[in-house]
Visitor: 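Could you have a look at this structure, given as C-alpha cells, before my questions?
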Number of protein chains: 2
Amino acid sequence: MDLQLKLNQQGLRLTRPRRVVMNILQSAPMPLAPQAIFKTAVNSQEEISLVSVYRTLDLLEELSLVRKVHGHDGCHGYVLASPGHHHHIICQQCGRAVEFTGIGDLADVFERIVAETGFDVDDHLLQLYGFCPQCQKEKTEK
Amino acid sequence: MDLQLKLNQQGLRLTRPRRVVMNILQSAPMPLAPQAIFKTAVNSQEEISLVSVYRTLDLLEELSLVRKVHGHDGCHGYVLASPGHHHHIICQQCGRAVEFTGIGDLADVFERIVAETGFDVDDHLLQLYGFCPQCQKEKTEK
DNA sequence: ATTCTTATTGAAACATTTTTTCAATAAGGA
DNA sequence: TCCTTATTGAAAAAATGTTTCAATAAGAAT
Ligand SMILES: [Mn+2]
Ligand SMILES: [Mn+2]
Ligand SMILES: [Zn+2]
Ligand SMILES: [Zn+2]
C-alpha cells in the first residue's frame, strides 16, 4: 500500500523527514542506527533533524514498516521490513541483512519449550549470523 | 568451576566489584542493564563504581559467565549463563528470563536458510517472549 | 607474615546517545 | 485559499557509555 495513504488514513501526515528516512532505509542493504541514518541524510544534503529520525523510526516501527535488528554485540539498527512475520540473517563482515521467512518448523520447537517452561509463548526473535556470499568470496581470495 | 580459580588461572583477580556483580546477577531472575546493576549495588550498600560494572560485565561475558539478553524493545540486559549454548525465554510482564537448550531441530531450518541465501551461518540468536506461569495466573485472577 | 609486582579500581572528564519541551511550521482536509 | 493541528527543529537536559590515570589491593613470591 502507498505510504501516503497508510499515514493519512490514521490522521498522520507524510512529511519530508519521513520520506527521507524511508528513502535512506530503502537504499541501505544493512541495518542502520539512528545516528547513521542522520549522518547519511546530512551527507546527501537532505534536511532533517536527529530528533525527527528518532521519532520517525518509532512511528515506522509502530506501523511495521521497519524492524529493529540486534547486532551480535547488542547495539541495534533498523531495516525496512516487508509485511508479515520474518527474520534476518546478518553478515558479520559487511553487515548486510537478508530476510527469510517460513519457519513452520519452529512451531514444534516452541511447543516443547512451552511444555517444559510453562511459559505462554507470544512472540520470538530469531536472527542468524554468518557471512554473505560476497564476503565469503573475498575471504577465500586472500 | 570456582570463580576465584577460573580468574586466577588467567592471571586475573577476584575483586570486590566482581563479587558484587556476580552476587547481584545470581539473585536476579531477570536480565539487568548495567545501570540497574549499579543501582542495586548502591541500594544494598555494596561499594562499586559504575565503570567497574561495565568492565566487569565485559569480562564476565568474555568468560561466558554472563550472557546478553535483548529486550523486545532493543535495550539489553545481562543474565547469569550456565555453560554451553542455549537461549532464553523472557516474560513480557515481569521480565523473568529462563534458559532453554537442546534445539537440534533448528539444524534443519538452518540448512534450508543456508541453501536459500548462500550465507555461511556461524551463530544465531533465538529468544522467545511470552508470559511466565506466575504472570499467567495473575492475569486470569483478575 | 611481609614484600613486591601489577591487575584493578574509582574519580573525573569526556563522548555519545536519547528524551523532553515548546514555539514555529507545514500537511492536508474543508 | 483557509484553517486546524500534526509535526518539525533548536535547544537544553537526561541518560548512557568510554577514556585516562594516579591510588589501591590481589595474590604470588619470599
Ligand atoms: Mn519467526
Ligand atoms: Mn541455539
Ligand atoms: Zn557480507
Ligand atoms: Zn512473568
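Chain A is the first sequence line, chain B the second, and so forth, proteins listed ahead of strands; every chain is numbered from 1.
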Visitor: Once you round it to whole Å, what is the distance between P of dA27(C) and CD of Q10(A)?
Guide: 19 Å
Visitor: Quick one: label R18(B) by what it contacts on the DNA or RNA (base, sugar-phosphate, nothing), any heavy atom closer than 4.0 Å.
Guide: sugar-phosphate
Visitor: Would you say the side chains of H87(B) and H124(B) form a donor-acceptor pair under 3.5 Å?
Guide: yes
Visitor: Nearest heavy atom decides the nucleotide; on that basis, is R16(A) or R16(B) closer to the 5' end of DNA chain C?
Guide: R16(B)
Visitor: Closest to the P17(A) side chain: dG27(D), dT9(C), dG9(D)?
Guide: dG9(D)
Visitor: Name the closest nucleotide to the P34(B) side chain, picking from dG17(D), dA10(D), dA26(D).
Guide: dG17(D)
Visitor: Could you state the CZ-C1' distance from F38(A) to dT18(C), rounded to the nearest angstrom?
Guide: 14 Å
Visitor: Working to the nearest 0.5 Å, report the span between CG of D123(B) and CD of Q92(A).
Guide: 6.5 Å
Visitor: For dG27(D), does either OP1 or OP2 sit under 4.0 Å from a side-chain N or O belonging to N8(B)?
Guide: yes
Visitor: Nearest whole Å is fine: how far is dT17(C) C1' from H76(A) NE2?
Guide: 10 Å
Visitor: With salt bridge (charged side-chain N to carboxylate O under 4.0 Å, His left out) as the test, would you mind laying out the steps for R112(A) and E116(A) before giving the verdict?
Guide: CA-CA 6 Å; R112(A) 212 202 66 224; E116(A) 281 182 10; 3.0 Å; yes
Visitor: NA contact type, Q4(A), heavy-atom cut-off 4.0 Å: base, sugar-phosphate, or nothing?
Guide: sugar-phosphate
Visitor: Report yes if at least one side-chain N or O of R13(B) is closer than 4.0 Å to OP1 or OP2 of dT6(C); otherwise report no.
Guide: no
Visitor: Taking for each residue the nucleotide of DNA chain D bearing the nearest heavy atom, is the 5' side occupied by L50(A) or by L12(B)?
Guide: L50(A)
Visitor: Using atom CG of L5(B) as one end and atom C1' of dA28(D) as the other, report the distance to the nearest whole Å.
Guide: 14 Å
Visitor: State the CD1-OG1 distance between I24(A) and T56(A), to the nearest 0.5 angstrom.
Guide: 10.5 Å
Visitor: Is T15(B) close enough to dT9(C) that one of its side-chain N or O atoms is under 4.0 Å from OP1 or OP2 there?
Guide: yes
Visitor: In whole angstroms, how far is the C1' atom of dA7(C) from the CZ atom of R19(B)?
Guide: 15 Å
Visitor: Which nucleotide sits closest to the side chain of V51(B): dA11(C), dT18(C), dT16(D)?
Guide: dA11(C)
Visitor: Considering only heavy atoms and no angle criterion, is a donor-acceptor pair shorter than 3.5 Å present between the side chain of R55(B) and the base of dG17(D)?
Guide: no
Visitor: Can you check the E62(B) CD to dA7(C) P distance for me, whole Å?
Guide: 16 Å
Visitor: Round to the nearest Å and state the distance from L14(A) atom CG to dG28(C) atom C1'.
Guide: 11 Å
Visitor: Looking at CZ of R67(B) and NE2 of H86(B), how far apart are the two atoms once the value is rounded to the nearest 0.5 Å?
Guide: 3.5 Å
Visitor: In whole angstrom, give the distance that lies between atom CD1 of I48(A) and atom C1' of dT25(C).
Guide: 16 Å
